[in-house]
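Start at 1 with the first residue, then count along the sequence.
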Amino acid sequence: MINVQGLYIQYGDRILFNRPNLTIEKNEKIALIGRNGAGKSSLLKLLCGKFTPDEGSIEVQNGVTMGYLEQDLDLNYDTPILTEAKKAFEHVNKLKQDLEKINAELEKGIEDMDYMTKLLERQGDLFNRLEILGGNTIESEAEKILLGLGFKSTDLTRKLSEFSGGWQMRVEIAKLLLKKPDVLLLDEPTNHLDIESIIWLEKYLKNYEGTIVLISHDTQFLDTICNKTIEIDGGQFHEYKASYYKYIELREERIAIQTAAFKNQQKDIEQKEKTIKRFMAKANKTKMAQSMQKQLDKMERISIDHFDTRNMNLRFPDPPRSGRLVVDAHCSKSYGHLKVLSDIQFSIERGEKVAFVGQNGQGKSTLAKLIVGQIEPSSGNIELGHNVEIGYYAQNQAEELDREKTLLETMQDHSSAEQRPNLRSILGSFMFSGEDVDKKVSVLSGGERARLALAVMVLRSFNLLILDEPTNHLDIQAKAVLKDTVDNYEGTCIIVSHDREFLSGLTDKTYEFRDNQLIEYLGDVNYFLKKRELDNMRQVERTEKITDQREEKSKLSEDEVKKMKRKIQYLERDIEKLETKIEAVQNKMYEPDFYNDPDSQKVISRHNEMKKELAQKMEDWESQVESLDGFA
């Protein structure tokens, strides 16, 4: 499907890819793993043709379509959300136009049988493609995906300009999914999603009928979706036909086997070299020594794969002791007519670790800013306890750094005179060493800027740590270090995050933000998800509908219920008959002489009408079954 050979890219003295090979097969779901700067995003751009390598080739099978999630949005902000999402179906219209051209050409009559056979094959391909893409269910499919990504039904007619950049990115994700390309290239798709939307996308991608190449710092997301893992390290690709967590096991086994084999070979080489040296000293054994030396020179040496095992060394300063009650809040917050938090009430005690979770736009970051004091409540108040000192990592903390200053200058701006002799050492613990400290912030990657922002945080002590989406730009290794550091932190901590793996086992309490309120769960994110499954708003809405239907059913007679069941049976019979007729017509359309028949266009029209009729029958059947289930 996709074949990469001898890929080579060099930036200055740095070699990004050092002639690795890679084959991507149909329906593979691949997790791309590697440190920040290893080349993961660059590989996606190479695969979709955004740029070309210095050397090597990338061959894509003819007809294979690709979809790449752009970070730079290409949207019409005055367009309603549903209208913008339906632009994804422009290629469906193109397929229909291509099919019409082939039909018109076949109707004229073609003497060249080879050419006619090719046209018929192309026609069959187009029929199948349109069937897969659901050409007759465009609007319902668009609505389904937008709702799955967290939009409400009432949002679909609102303009894109009314939504934040994160929600606009969801529309871009929806357009990509609606196109149903053969290969999906996704770079951190969960960065703009809340937990419920991540779970929906996870299920969607797991069942996606196509190839996926995925970059994500959410290891649970990767493990659920992917059946193959490619690690990029040292300019090479290391392939594992395994999910993410299994890859971790296999990687450790591989390194252990390589290390053992290397050590054994080194012992063997050392022993042979000693024997050769001893024999060379004896005239009657010189030839044997020379022969042994030749064998030794020809020996294929075992090498251990190079892996970048560096990690940042993060430790927050010991927290000064605060009072028992750290935060006590009873307040509301609105922006004009938009109500964000309505009469919320909660408290956090010393040493507690608390997670804020919920849909984007529900007020998680707003509450963090209220606690920090960046904004004021519309009513009520938020009180901090005795001797509370806040350390705050905002969602855009890394972007707030002065891009024109060097790393060292950035640290100097936030340090005391006593700390300045140690700044290079502190930067070194965050994997910035040597000449790195003289780089400007503007040349750093997103992950490197995030590490620098964390380095700035350790320059002062605090006892209430507030982290707002801290993992968005960190690679998996850096995220693990941050989680371990927070876990061992002895102060109080509030974490705003959608990252299940990061939150798992980390907090004592979880607050869900929903409908302008806080809902408290006395456990970590896994406890919350377990409880939320029974308290999911979509399930609640469905239960309410079923309850209403059951109340209505009490007024219905047994005969009326029997009529409903008969209607379902009639619909099932009609659907079966239609499917048989459609199959028969399609078989006829594939016959070589079909388009020589003067009635061929009537048959095509009838075929299209039957497909529309089938779609309507299916919709009626689903509606009747759902209604009957409600009365059961």
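- Residues Thr190 and Ser216 share a closest heavy-atom pair of OG1-OG, 3.9 Å.
- Around the NZ atom of Lys87, the shell of radius 6.0 Å holds more than 12 heavy atoms that belong to other residues, nucleotides or ligands.
- Between Leu82 and Lys86 there is a side-chain heavy-atom pair separated by less than 4.5 Å.
- Counted within 6.0 Å of OH on Tyr570, heavy atoms from surrounding residues, nucleotides or ligands total 12 or fewer; the atom is thus considered open.
- Within the 3.5 Å criterion, the main-chain N or O of Phe221 finds a donor-acceptor partner in the side chain of Asp218.
- We find that Lys246 and Glu249 are joined by a salt bridge, their nearest charged nitrogen and carboxylate oxygen being less than 4.0 Å apart.
- Not a single donor-acceptor pair under 3.5 Å links the side chain of Asp187 to the backbone N or O of Ile215.
- One finds the CD atom of Gln220 at 10.5 Å from the CD1 atom of Ile225 (value rounded to the nearest 0.5 Å).
- Of the possible polar contacts, one joining the Thr65 side chain to the Asp182 backbone as a donor-acceptor pair under 3.5 Å is found.
- Within the 3.5 Å criterion, the main-chain N or O of Ala38 finds no donor-acceptor partner in the side chain of Asp233.
- In this structure, the side chains of Ser42 and Leu16 come closer than 4.5 Å at one or more pairs of heavy atoms.
- Residue pairs meeting the side chain to side chain donor-acceptor pair (under 3.5 Å) criterion with at least one partner in residues 22-33, sequence neighbours excluded, are Asn3-Thr23, Glu28-Lys228.
- Of all heavy-atom pairs between Leu146 and Ala85, the closest is CD1-CB, 3.9 Å.
- Without hydrogens or angle criteria, Lys479 side chain to His217 main chain gives a donor-acceptor distance under 3.5 Å.
- Residues Thr211 and Leu184 fail the side-chain proximity criterion, which asks for heavy atoms closer than 4.5 Å.
- Not one N or O on the side chain of Ser504 forms a donor-acceptor pair closer than 3.5 Å with the backbone of Arg500.
- Scored by the ring-ring contact (aromatic ring centres under 6.0 Å, His included) test, Phe502 finds no partners at all (sequence neighbours excluded).
- Tyr68 has its side chain within reach of Lys45: a pair of non-hydrogen atoms, C-beta onward, lies under 4.5 Å apart.
- Asp223 and Ser243 are linked by a side-chain donor-acceptor pair at a separation below 3.5 angstrom, with hydrogens and angles left out of the test.
- Put simply, the side chain of Arg19 never gets that close to the backbone of Tyr8: no donor and acceptor are under 3.5 Å apart.
- Between atom CD1 of residue Ile198 and atom CG of residue Asp499 there is a gap of 7.5 Å, rounded to the nearest 0.5 Å.
- Under a 3.5 Å cut-off, the side chain of Lys40 and the backbone N or O of Arg35 do form a donor-acceptor pair.
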Derivation and outcome, side chain to side chain donor-acceptor pair (under 3.5 Å), residues Glu239 and Tyr247: CA-CA 9 Å; Glu239 295 185 39; Tyr247 139 76; over 6 Å; no
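- With sequence neighbours left out, Ser57 forms a side-chain contact (heavy atoms from CB on, under 4.5 Å) with Gln5, Glu59.
- Listed by chain and residue number, Lys617 satisfy the side-chain contact (heavy atoms from CB on, under 4.5 Å) test with Asp574 (two or more places apart in sequence, or in another chain).
- With Gln168 contributing its side chain and Leu160 its backbone, the two residues share a donor-acceptor pair below 3.5 Å.
- Looking only at side-chain heavy atoms (C-beta outward), Leu177 and Leu201 come within less than 4.5 Å of each other.
- Separation of atoms CD (Glu121) and CD1 (Ile102) is listed at 11.0 Å; rounding is to 0.5 Å.
- In this structure, the side chain of Thr229 engages the main chain of Ala242 through a donor-acceptor pair within 3.5 Å.
- For Ile9 against Pro53, the heavy-atom pair with the smallest separation is CG1-CA, 3.8 Å.
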Check step by step if salt bridge (charged side-chain N to carboxylate O under 4.0 Å, His left out) holds for Lys144 and Glu141. CA-CA 5 Å; Lys144 183 180 83 172; Glu141 185 70 12; 3.7 Å; yes
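- Inspection of the His238 and Arg251 side chains reveals no N or O donor paired with an N or O acceptor under 3.5 Å.
- With a 4.5 Å cut-off on side-chain heavy atoms, Tyr77 and Lys159 do not count as touching.
- Atom-to-atom distance recorded for Thr117:OG1 and Arg122:CZ is 16.0 Å, nearest 0.5 angstrom.
- Here the side chains of Val213 and Leu186 are not in contact, with every heavy-atom distance at 4.5 Å or above.
- Annotation: cation-pi geometry satisfied between Arg158 and Phe163 (NZ/CZ under 6.0 angstrom from ring centroid, within 45° of ring axis).
- Among residues two or more places apart in sequence or in another chain, the side-chain contact (heavy atoms from CB on, under 4.5 Å) test is passed with Gln265 by Ile269, Met299, Arg301, Ile302.
- Partners of Pro20 by side-chain contact (heavy atoms from CB on, under 4.5 Å), not counting sequence neighbours, listed by chain and number: Leu7, Phe17, Gln236, Phe237.
- Here the straight-line distance linking atom NZ of Lys206 with atom CG of Asn227 works out to 8.5 Å at 0.5 Å rounding.
- Using a 4.5 Å cut-off on side-chain heavy atoms (C-beta onward), Thr52 and Leu46 make no contact.
- For the pair Cys226 and Leu214, the tightest heavy-atom approach, listed with the atom from each and the gap, is SG-CD2, 4.0 Å.
- Between Lys612 and Glu609, no side-chain nitrogen of the basic residue sits less than 4.0 Å from a carboxylate oxygen of the acidic one, so the salt-bridge criterion is not met.
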Check the pair Glu202 / Tyr204 against side chain to side chain donor-acceptor pair (under 3.5 Å), numbers first and verdict last. CA-CA 5 Å; Glu202 187 175 82; Tyr204 185 92; over 6 Å; no
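- Contact record, Glu448 with Leu444: OE1-CA, 3.4 Å, taken as the closest heavy-atom pair.
- Atom CG of residue Leu119 and atom CG of residue Leu126 lie 10.5 Å apart, to the nearest 0.5 angstrom.
- Closest of all the heavy-atom pairs between Ile173 and Pro189 is CD1-O, 3.6 Å.
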